[in-house]
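See structure below.
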Amino acid sequence: MREPSEKLSQIVTPRRLRVRRLRRSELPAPTLELARFLIGKTLVRDLPAGRITGRIVETEAYPPGDAAGHAFRGETPRNLSLFLGRGHAYVYFSYGSFWLLNVSSERLGIGAGVLLRALEIVDGFNLIRGAGRKTARHPDLARGPGRLGRVLRIDKRLDGQDLCANGPLWLGTEVWPRKAVGKSVRIGISREVDRPFRFYEVGNPSVSGPLRLRT
DNA sequence: TGCACGATAATCT
DNA sequence: GATTATCGTGCAA
């Protein structure tokens with residue numbers, strides 16, 4: 001039976017989460033540092049019906065000059081948001097079905113970003129389509145960048161959003177202290193495959209990828 | 001748990 | 001026309 005554990009996790013979830021927006025000045029400037037810094041912080045989605053809050057548990061850095069990064073070949077209409085200076089949303093459509101969310105990094109005019117790969121949802125379960133069904137185990141809701149985008153209802157309209165400003169999507173402070181941060185190669189790329197630019201909270205069941213990349 | 005595979009459409013060449 | 005920072009399913013062990 002899955003029902004009891006779902007109820008338990010709702011009871012365990014703090015009724016009132018204290019989260020405030022992160023100021024841009026709090027975000028480390030270098031892409032790699034930002035990717036590590038974001039582990040344990042929150043991503044908040046404000047919808048007409050309410051708020052969904054998730055702890056960021058997995059990220060990947062795509063620093064300047066990285067051949068695996070979308071900004072590598074220069075600015076285009078698609079990747080413009082990567083050049084807006086740190087703390088902006090870069091949203092793009094992938095594999096015909098998924099909206100993926102990045103946080104731009106570095107200075108205005110320099111293209112780089114951090115891909116948000118997975119969240120541990122901590123609030124707003126009732127707003128998530130599929131929650132409470134047998135197929136929607138809580139740790140899996142936003143496990144993987146495609147699911148993250150689906151759960152938070154990310155789409156092109158959020159591309160370019162300032163994630164440090166008042167708006168429907170923003171970065172927040174942590175809700176409890178994070179555990180150890182692990183480091184590994186990135187997932188799903190074909191260039192620069194050996195760079196250890198992926199970060200994750202060790203042992204967290206909401207982290208995606210094979211077991212060896214979660215522990 | 002770990003693979004292979006197909007779906008699916010925007011973007012770039 | 002090729003590519004793709006993915007996911008869900010199916011099958012093997």
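Proteins get letters first, then strands, A, B, ... in listed order; numbering begins at 1 in each.
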Once base and sugar-phosphate atoms are separated, protein heavy atoms under 4.0 Å mark nucleotides 2-13 of chain C, 5' to 3', with B, S and - as --BBBSS-----
Using the salt bridge (Lys or Arg N to Asp or Glu O under 4.0 Å) criterion, which residues pair with Arg55(A)? Sequence neighbours excluded.
Glu120(A), Glu201(A)
Boundaries of the DNA chain B segment in contact with chain A, non-hydrogen, under 4.0 Å:
dG2(B) to dT13(B)
In the hydrophobic clustering that connects Ile, Leu, Val, Met, Phe, Trp and Tyr at side-chain heavy-atom distances below 4.5 Å, which members other than Leu84(A) occupy its cluster, ordered by chain and number?
none
Counterpart residues, salt bridge (Lys or Arg N to Asp or Glu O under 4.0 Å), relative to Arg24(A) (two or more places apart):
Asp162(A)
Which atom pairs, donor and acceptor, lie under 3.5 Å between side-chain atoms of residues 30-49 of chain A and protein residues at least two apart or in another chain?
from: Thr31(A); atom 1: OG1; to: Ser105(A); atom 2: OG; distance (Å): 2.7
from: Thr31(A); atom 1: OG1; to: Glu106(A); atom 2: OE2; distance (Å): 2.8
from: Lys41(A); atom 1: NZ; to: Phe37(A); atom 2: O; distance (Å): 3.1
from: Thr42(A); atom 1: OG1; to: Gly172(A); atom 2: O; distance (Å): 3.1
from: Thr42(A); atom 1: OG1; to: Thr173(A); atom 2: O; distance (Å): 2.8
from: Arg45(A); atom 1: NE; to: Leu152(A); atom 2: O; distance (Å): 2.6
from: Arg45(A); atom 1: NH1; to: Pro168(A); atom 2: O; distance (Å): 3.3
from: Arg45(A); atom 1: NH2; to: Arg153(A); atom 2: O; distance (Å): 3.1
from: Asp46(A); atom 1: OD1; to: Arg51(A); atom 2: NE; distance (Å): 2.7
from: Asp46(A); atom 1: OD1; to: Arg51(A); atom 2: NH2; distance (Å): 3.3
from: Asp46(A); atom 1: OD2; to: Arg51(A); atom 2: NH2; distance (Å): 3.2
from: Asp46(A); atom 1: OD2; to: Trp170(A); atom 2: NE1; distance (Å): 3.0

Where each residue is assigned the nucleotide of DNA chain B containing its nearest heavy atom, which of Pro210(A) and Lys156(A) is assigned the position nearer the 5′ end?
Pro210(A)
Can you give the dot-bracket line for DNA chain C, where a pair is Watson-Crick or G-U wobble with both atom distances under 3.5 Å, crossing pairs use [ ], and | marks a partner on another strand?
||||.|||||||.
Under the salt bridge (Lys or Arg N to Asp or Glu O under 4.0 Å) test, which residues partner Arg147(A), sequence neighbours left out?
none
Would you list the atom pairs, donor with acceptor, under 3.5 Å between side chains in residues 178-185 of chain A and any protein atom, with sequence neighbours excluded?
from: Ser184(A); atom 1: OG; to: Arg198(A); atom 2: NH1; distance (Å): 2.9

Pair Glu26(A) + Arg21(A), salt bridge at N-O below 4.0 Å
no
Taking only residues two or more places apart in sequence or in another chain, which ones pass ring-ring contact (aromatic ring centres under 6.0 Å, His included) with Tyr62(A)?
none
Sequence neighbours left out, what pairs pass salt bridge (Lys or Arg N to Asp or Glu O under 4.0 Å) with at least one residue falling in residues 60-72 of chain A?
Glu60(A)-Arg117(A), Asp66(A)-Arg186(A)
Return each pair, listed once, that meets ring-ring contact (aromatic ring centres under 6.0 Å, His included) where at least one residue sits in residues 189-215 of chain A; pairs must be two or more places apart or across chains.
none
